Amino acid sequence: MTDTVDDVDLPYEDEAASQQEKIEALQERLEVLEGQNEEMRDKLLDANAENNKYQQKLERLTHENKKLKQSPLFVATVQELTGDGVVIKQHGNNQEALTEVTDEMREDLEPDDRVAVNNSLSVVKKLEKETDVRARVMQVEHSPDVTYADIGGLDEQMNEVRETVEMPLKSPEMFTKVGIQPPSGVLLHGPPGTGKTMLAKAVANETDATFIKMAGSELVHKFIGEGAKLVRDLFEVARENEPAVIFIDEIDAIASKRTDSKTSGDAEVQRTMMQLLAEMDGFDERGEIRIIAATNRFDMLDPAILRPGRFDRLIEVPKPEAAGRELIFEIHTRDMNVADDVDFAELAELTEGASGADVKAVCTEAGMFAIREDRTEITMADFEAAWEKTSQAEDTDADDSLAFA
Ligand SMILES: Nc1ncnc2c1ncn2[C@@H]1O[C@H](COP(=O)(O)OP(=O)(O)OP(=O)(O)O)[C@@H](O)[C@H]1O
């Protein structure tokens, strides 16, 4: 049996071939094509059947995943591993229960491990140890090395931060004598990389306070009570290390405008925010703990956190103007071997729209250009090439994010 149509010779060119021979050849080609068509149709049917099977599996797993995500997860501690399963104690209500686990999960569990359990107390996943979570979520720096001199172009913001955060720590008696409460919380808002974290670190450095940073995004947990507990821990660590500056970055992650969505995840985030507000409400403004929060998304914040007694001092930290960029270039090139032809005022004009972090990146990249050519001096051309490269990279990132939006 010929396998493909190409195996069927067509005697078109052969003058001697009769009409009959040509017809027979065409008929043979037609048979081959029909055979192939049959084969393809069978393969297509098989593929469709396989596809339907996978589609059904995908729908089932998606449904299960959705159910798992929606059903609130609780934190529990493994008490004991028995022949029938695992004895767990749920946090909060201390309810003990014997629950089954897969053999694979069982091998991974030991007494005192933390696990996430769902409504029916089935173990969904093993959690990292509480101390590990705390270490990951909280960065404690007893003496941050950032000073006000390291920050360029934010004189006005710096003065506000010194007045609202540094002064109550350095001279609390001023507020007592005058009879006013210092601002309880300061909210720094502005684009990424503009110096918000630096301001918080600089004020902690100036007042010899412990700097405790927590990212709001780390507080967004699916496990009931985990976020609120971390907020309590945060203030406990601050009290243990007074004087302390608490810096909550990305506060929009837990303090966004309330939505009417009913998923347990959103309810949990709101519980975490309420815990933060409770800690702030219950906290003694005259104590030696100051709170600074930062956000790139001021527009998303729930007005509840901006009320008096909470983050009632708002400080915008915008991208630097040309004069600010020039200062930031000077700051970040202090220890660099810069050629005489480098003109920071010109570079400041060139880098319109750059944040402080962008300027820092340009300085680093300019140094790399010199190193690649085995030079020890960084020229104006290196800075210009570095700006070209970093701003192009930013444009590409922006296009990518749009492409995937
Ligand atoms: N005004 C500035 N002066 C000097 N350096 C700056 C300034 N702003 C940003 N930088 C540089 O960018 C880095 C990041 O700054 P920082 O972490 O303070 O930004 P941020 O506003 O907190 O950013 P994000 O909102 O993304 O957390 C700093 O370590 C510093 O090198």
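In this text the structure is predicted, and so the values were computed from the model without any measurement. Every number for a ligand or one of its atoms is a count from 1 in the order of the listing.
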Just verifying a value: how many Å separate L350 CG and D343 CG, rounded to the nearest 0.5 Å?
11.0 Å
Please list all pairs passing the salt bridge (Lys or Arg N to Asp or Glu O under 4.0 Å) test where one or both residues lie in residues 344-362, with sequence neighbours left out.
R325-E352
Under the side-chain contact (heavy atoms from CB on, under 4.5 Å) criterion, do S184 and D312 qualify, and how do the steps go?
CA-CA 7 Å; S184 51; D312 46 14; 3.8 Å; yes
Collect the protein residues that have a non-hydrogen atom under 4.0 Å from ligand 1 and hand them over in chain and number order.
D150, I151, G152, L154, P192, G193, T194, G195, K196, T197, M198, D249, N296, I328, H332, G356, A357, K360
Test of understanding: with side chain to side chain contact (heavy atoms under 4.5 Å, CB included), list the residues that count as partners of E107, not counting sequence neighbours.
none
With sequence neighbours excluded, tell me which residues meet salt bridge (Lys or Arg N to Asp or Glu O under 4.0 Å) with E384.
none
If the test is side-chain contact (heavy atoms from CB on, under 4.5 Å), which one of I291, V165, T164 qualifies with P183?
T164
